[in-house]
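Only a predicted model underlies this, so the values are computations on that prediction, with no experimental measurement involved. Quick note on labels: first sequence line is chain A, next is B, and so on, each numbered from 1.
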Amino acid sequence: MDKYYLTTPIYYVNAQPHIGHVYTTVAADVLARWERFLGKEVFFLTGTDEHGSKVAAAAEQAGLSPRELVDQTVQRYLDLWNLLEIKFDRFIRTTETDHQKIIQSIFSALQRNGDIYPGVYEGHYCVPCERYLAPAEGVDCADCGRPTEKLSEETYFFRLSRYQERLKKHFLENPEFIQPERIRDEVTNMLSDPLPDLSLTRRCRWGVPLPDGVTGSGLTIYVWFDALLNYLTGVNYNPLSPAEANQSELFKRFWPPDVQLIGKDIIRFHHIIWPAILMALNLPLPKKVFGHGWWLSGNEKMSKSKGNVVEPFDFCGRYGSEALRYFLLAEVPFGMDGNFTEDAFRKRYNSDLANDLGNLVHRFNHLVRTNFGGKVPVPRDGGILARKTTELLPILTKKMENLDFFGFLETVREVVSTGNHYLDEEAPWRKGPNSGPVLYNLTETSRILSIYLEPVLPRTAVLIRRQLGLMDLPTGKEALTWGLTKPGTIVTEAPPLFPRIK
RNA sequence: GGCGGUGUAGCUCAGCUGGCAGAGCAAGCGGCUCAUAUCCGCUAGGUCUGGGGUUCAAGUCCCCACGCCGCCA
């Protein structure tokens with residue numbers, strides 16, 4: 001059986017989960033469900049990034065210990081994923097002791113290779129903005145214009161510069177690695193200047209301690225190094241026995257990742273630093289790392305101070321998690337920025353889910369019950385609907401491979417539309433008992449639509465099959481055969497799948 | 001300050017290597033009546049952010065400007 005290893009970034013717990021976290025995680029869940037549907041063995045990893053000074057600061061502000069804060073916030077994430085039907089295979093936390101031990105071992109291993117070496121970090125730091133300045137920025141903070149402090153501290157560097165040429169070569173030979181294409185150009189461009197080595201320690205108490213025997217008082221491991229390696233610890237990588245034979249079963253089965261989803265803000269970490277670390281560890285690189293776009297709110301960046309943050313719990317409460325999953329993937333192509341407004345949400349909900357999909361299922365359900373006593377009639381010729389639905393698999397598979405959820409849903413919508421059109425053309429309400437085959441075809445269409453939509457709308461898919469009395473039929477690829485529904489199957493009355501929003 | 005992305009109809013987006021501006025939604029009109037006032041059809045709607053340039057021909061290629069997004073331990 002083919003395997004499929006999929007990751008989201010682990011989310012930083014200094015603040016509450018927001019729509020951006022939901023976006024990545026829903027997309028990953030849809031991919032995971034789709035690949036399971038295709039018959040692959042899937043490992044879907046997500047989790048939380050819990051170290052670093054911002055978490056420590058957030059805890060202090062809340063009057064909690066870092067430990068208390070991270071535990072609380074993690075629970076919020078778990079609650080949200082539960083609400084949104086996210087079926088991950090592992091939820092990793094960087095505060096787990098196993099993870100921390102592995103990080104330390106990897107640090108030591110890289111030190112033995114000469115990939116990590118001691119040095120002094122020098123640079124400018126803006127205290128009010130809490131940001132380090134790039135050397136090209138000069139001495140004054142580009143954000144606030146104020147003068148900055150000069151810093152000079154002992155650290156350990158990762159020899160990133162050593163991998164510059166190999167990274168270039170890899171990008172050239174593996175165009176699939178960086179997605180979408182636009183971002184590939186950007187990352188390649190980052191390699192046109194010499195890569196500076198990367199400081200791997202920070203002066204912060206709330207972090208993974210340096211390994212035993214490595215000196216550096218008050219220093220902990222840089223939170224990004226700690227975080228990136230979750231993709232290895234998540235499948236129980238064993239740095240002490242790098243030989244393939246001594247690796248964990250999980251690692252042997254799933255490494256490397258097939259797809260890693262990230263937001264476009266962290267491409268530098270995932271397209272340069274992360275593969276360089278893997279090169280240093282002599283491990284195969286992920287096949288595809290996709291940087292998706294951002295959700296804006298009213299065409300502006302979401303921020304607490306502007307008061308335009310979309311709150312996922314509240315949104316699920318009011319419109320349901322299915323609608324939110326659908327909207328995020330249907331509204332905007334995955335690689336682009338989107339604009340999240342309640343108005344746009346309502347429009348898409350009403351037109352796609354209530355009027356087209358929901359109403360299609362509802363109107364023919366009603367016809368079967370009123371004209372055929374609720375029993376699915378006998379088929380004759382599948383016609384256009386049979387052709388339309390059965391030729392869908394290769395098209396939809398291609399879209400999912402490209403992480404084109406937008407195009408995937410567009411294609412499914414065309415079938416819904418064909419169904420509504422067909423129903424109007426055939427007008428079974430005029431034909432009475434002669435309309436049997438027409439209604440049979442709509443049963444099959446709804447059933448197959450429920451299969452295709454299941455990754456995006458898992459609850460709705462089941463609701464459709466339940467009202468059609470089809471809970472016993474298969475739901476894998478074998479479900480795509482036209483004609484599986486047995487005539488005589490009992491259709492039961494059901495409320496609209498998506499009540500219209502007034 | 002540096003690097004990159006993006007800007008096409010009221011809204012969300014297609015327009016591959018330059019060759020008569022497209023779709024869905026919203027709007028207007030007509031039809032149907034099984035259905036969640038839903039569905040089906042038709043119509044209208046654009047100085048392709050602005051300014052220069054290359055070309056027989058530019059939304060598409062080049063230069064400049066502006067808006068927005070991201071990154072720069």
| query | When you look at A/Glu50 and A/Thr94, which way does the side-chain hydrogen bond (donor to acceptor under 3.5 Å, both in side chains) test go after all the steps? | reply | CA-CA 6 Å; A/Glu50 307 184 11; A/Thr94 56; 5.3 Å; no
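- Between A/Asn14 and the choices A/Val55, A/Asp49, A/Val70, the side-chain contact (heavy atoms from CB on, under 4.5 Å) rule is met once, by A/Val55.
- Checked by distance alone, A/Tyr222 brings no side-chain donor or acceptor within 3.5 Å of a matching partner on the base of B/A73.
- Nucleic acid contact class of A/Gly123 (heavy atoms, under 4.0 Å, all strands): none.
- Using a cut-off of 4.0 Å between Lys/Arg side-chain N and Asp/Glu carboxylate O, A/Glu342 and A/Lys347 are scored as not salt-bridged.
- Residue A/Leu497 is in base contact, counting any heavy-atom pair closer than 4.0 Å across all strands shown.
- Within 4.0 Å of A/Asn359, counting heavy atoms only, lies at least one base atom of the nucleic acid.
- Nucleotides B/A14 and B/G28 are separated by 28 Å at their P atoms, to the nearest Å.
- Between A/Leu296 and A/His362, the residue whose closest nucleotide on RNA chain B is further toward the 5' end is A/His362.
- Residue A/Glu122 contributes atom CD, which lies 13 Å from atom C1' of B/A73 at whole-angstrom precision.
- Taking atom C1' in both B/G41 and B/G24, the straight-line distance is 16 Å, to the nearest Å.
- By the 4.0 Å N-to-carboxylate-O rule, A/Glu186 lies too far from A/Arg268 to be salt-bridged with it.
- Remark: the A/Arg202 side chain and the B/A73 base include a donor-acceptor N/O pair separated by less than 3.5 Å.
- Note: CG (A/Leu353) to P (B/G24) measures 18 Å, nearest angstrom.
- Using a distance-only test at 3.5 Å, with no hydrogens or angles considered, no donor-acceptor pair links the side chain of A/Ser192 to the main chain of A/Thr188.
- Consecutive Watson-Crick or G-U pairs involving RNA chain B, each under 3.5 Å on both distances, make up stems of three or more pairs at B:1-7 with B:66-72, B:10-13 with B:22-25, B:27-31 with B:39-43, B:49-53 with B:61-65.
- At a threshold of 4.0 Å, the pair A/Asp29-A/Arg325 counts as salt-bridged, since one of the basic side-chain nitrogens sits closer than that to a carboxylate oxygen.
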